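Remarks on the structure that follows.
Just so you know, ligand 1 is whichever comes first in the structure, and atom 1 is the first atom listed for that ligand. This is a predicted model, so every value here is computed, not measured.
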Amino acid sequence: MKLKRGYNQLENKVYWLINLRWLAIIGVIAAAFAAHDVFGILIRQDAIYYIAAFLACYNLVMLAIIKYIVWLDTQRTGMIKLLIDVQISIDLLALTALLHYSGGIENPFVLFFVFHMVIASILLSVRESYLHATLSVLLLSFLLIFEYKQIIPHYSITGNTGRNLHLNGTYIMGSIIALAVTLYFVVYMTSFITTQLKKQEQATRKANEQLKQKDHIKDEYVARLTHDIKGHLAAIQSCQEVLVKGYVGDLKGRQAEFAGRAHVRTKKLIQFVKILLRLTEMRLANNNIEMDVFSLTESLQNSLAAVRSKAEDKSITLSSNIEEDIEKIYGNQFSIEEVITNLLFNAVKYTSSDGNVEVRAKNHDDNVLVEIADSGIGIPEEELSRIFDEFYRASNAREVEKDGTGLGLSIAKQIIERHSGKIWVESKEGLGTTFRFTLPKAV
Ligand code: ADP
């Protein structure tokens with residue numbers, strides 16, 4: 001089943017349906033001829049030929065309509081869906097009429113309703129497919145009830161042997177053919193769909209691989225670029241330091257002010273470039289980081305020491321509650337310390353003077369649980385889910401603190417996840433924030 005080039009998939013479905021209907025029309029004519037003229041079965045052959053002729057005309061009309069819709073070249077999805085809907089409904093009506101003129105309940109080809117349902121499920125939405133299944137049930141029920149009540153005539157194909165169908169060779173052959181055609185069609189369709197799905201899956205996987213490769217190339221490029229920028233910035237910073245510290249003579253008034261400002265800005269830029277470089281290098285390193293067994297307690301103490309003076313500057317009470325028997329961790333000590341320090345710096349940064357920051361750590365099942373809680377500005381609830389995204393800074397943080405990269409938390413998340421841990425946050429705007437992370441104990 002090849003898709004025509006130049007048409008979108010929906011239009012292809014209509015063409016497919018039309019082609020399938022030509023086959024069905026040929027099948028109907030051949031079956032009516034064989035049943036009547038070869039096996040002498042009492043079907044209303046004339047009526048069946050009329051229905052086949054009607055189907056052929058209506059198929060031509062459908063072909064013309066779809067060609068017209070394609071020619072219009074406007075937004076046509078709704079129109080095409082409607083066209084498919086209408087076609088399947090008319091097909092169901094035609095099948096019911098065909099059954100009526102060829103034995104009604106006696107006709108084993110009643111199984112062909114299954115065909116139509118398979119086609120409907122492929123072409124239509126789930127809801128529409130169920131609607132067509134309901135339509136099939138209703139149509140067949142009306143046919144059988146009307147024949148039963150003798151509102152419409154019943155054209156018996158089994159004649160007198162009606163009650164002894166197992167002795168009617170032609171009927172048995174017809175039943176086997178009907179069942180075989182239905183089963184093979186269902187298998188053909190379902191395996192076709194499965195093959196398509198597998199192909200799509202392979203294509204998605206391939207596209208994913210290519211994306212990863214491109215991402216890697218981009219990371220390498222960014223790493224090289226940031227490395228170069230960092231070098232140049234360091235040189236600029238040294239020159240500025242010479243100026244600011246007065247090694248080449250004292251600067252006067254405005255000169256000193258502007259040189260000082262440039263110096264501060266350069267420092268911030270270097271800081272940003274360093275973080276960016278760290279992030280990119282981490283991505284490039286993938287899972288290849290050096291791991292060893294180390295004491296988390298020691299790392300917590302180191303990080304606390306690193307942030308203490310900043311906390312004191314803001315009169316923030318920095319406390320810790322670290323259980324004594326904290327298990328050792330298997331990982332990269334430098335990276336874990338980086339995470340803790342970063343979380344602590346954030347806690348101090350986003351907490352106003354006289355607030356509190358507390359570090360807690362304890363064993364928790366197979367993990368060690370670390371909590372860094374503050375009484376700071378908190379994070380707006382609707383922004384919590386984005387807080388670990390690269391470059392994301394919450395709206396309130398941007399108001400309080402102009403400087404920030406929005407990269408620290410994303411680095412922290414990557415590091416923790418690479419250690420098979422988890423990191424999450426709980427926060428109430430205006431009341432405070434608690435970051436928690438777990439790390440598996442060293443085995
Ligand atoms: P940065 O602090 O440089 O902006 P981070 O990646 O470290 O970047 O943090 C991302 C954002 O998460 C911050 O901009 C801030 O909105 C929010 N955030 C992080 N820690 C806290 C905290 N302790 N209290 C309030 N908001 C925080």
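Closest approach of Thr266 to Leu233, counting heavy atoms only: CG2-O, 3.9 Å. When all heavy atoms are compared, the tightest approach of Asn356 to Thr351 is N-CG2, 4.1 Å.
For Tyr58 and Phe54, the ring centers are positioned less than 6.0 Å apart.
Salt bridge status for Glu209 with Lys206: absent, with no side-chain N to carboxylate O gap under 4.0 Å.
Considering both main-chain and side-chain atoms, Gly404 never comes within under 3.5 Å of ligand 1 through any nitrogen or oxygen pair. For Asn342, no nitrogen or oxygen atom sits less than 3.5 Å from a nitrogen or oxygen atom of ligand 1, counting backbone and side chain alike.
Assignment of Tyr392 to the shell around ligand 1 is supported, since a heavy atom sits closer than 4.0 Å. Ligand 1 does not have Phe388 within reach: every non-hydrogen atom of the residue lies 4.0 Å or more from it.
Closest to atom 25 (C) of ligand 1 by heavy atom, among Gly378, Ser375, Gly376, is Gly378. Taking each of Gly408, Gly406, Ala412 in turn, the one with a heavy atom nearest to atom 1 (P) of ligand 1 proves to be Gly406.
Side-chain contact annotation: Glu128 with Ser125, donor-acceptor N/O pair under 3.5 Å present. A side-chain donor-acceptor contact under 3.5 Å links Tyr392 and Glu383. Checked by atom type, the side-chain pair Glu290/Asn332 shows no donor-acceptor distance below 3.5 Å. Side-chain contact annotation: Asn107 with Ser102, donor-acceptor N/O pair under 3.5 Å present. Asn321 and Arg360 share no side-chain donor-acceptor pair at under 3.5 Å.
Distances below 4.0 Å separate heavy atoms of Ile387 from the following atoms of ligand 1: 12 (O), 17 (C). When each atom of ligand 1 is checked for a heavy atom of Ile379 under 4.0 Å away, the hits are 25 (C), 26 (N), 27 (C). Interface atoms of ligand 1 facing Thr433, defined by a heavy-atom separation under 4.0 Å, are 24 (N), 25 (C). Short contacts between ligand 1 and Ala394, defined as distances under 4.0 Å to a heavy atom of the residue, involve ligand atoms 14 (O), 16 (O). Atoms of ligand 1 found under 4.0 Å from any heavy atom of Lys349 (numbered from 1 in listed order, with element): 1 (P), 2 (O), 3 (O). Every atom of ligand 1 with a heavy atom of Thr405 under 4.0 Å away is listed here by number and element: 1 (P), 3 (O), 4 (O). Taking a cut-off of under 4.0 Å to the non-hydrogen atoms of Ala347, the atoms of ligand 1 that pass are 23 (N). If you number the atoms of ligand 1 from 1 as listed, the ones under 4.0 Å from a heavy atom of Leu409 come out as 5 (P), 6 (O), 7 (O), 9 (O), 10 (C), 12 (O), 19 (C).
Shortest contact from atom 2 (O) of ligand 1 to any protein heavy atom: Tyr350 OH, 2.8 Å. Closest to atom 4 (O) of ligand 1, if we only count protein heavy atoms, is Arg393 NE, 2.6 Å. Nearest protein neighbour of atom 15 (C) of ligand 1, counting heavy atoms only, is Ala397 CB, 3.5 Å. Of the protein's non-hydrogen atoms, Asp374 OD2, 2.8 Å is the one closest to atom 23 (N) of ligand 1. Ranking protein heavy atoms by distance to atom 19 (C) of ligand 1, first place goes to Asn346 ND2, 3.6 Å.
For Arg224 and Tyr221, the positive end is not near the middle of the six-membered ring at less than 6.0 Å and at most 45° from its axis.
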Between His100 and Glu147, does a side chain to side chain donor-acceptor pair (under 3.5 Å) hold up when you go through it step by step? CA-CA 9 Å; His100 169 58; Glu147 285 190 10; 2.8 Å; yes
Is there a side chain to side chain donor-acceptor pair (under 3.5 Å) between Ser335 and Arg278 once you walk through the steps? CA-CA 10 Å; Ser335 304; Arg278 172 87 179 107; 3.3 Å; yes
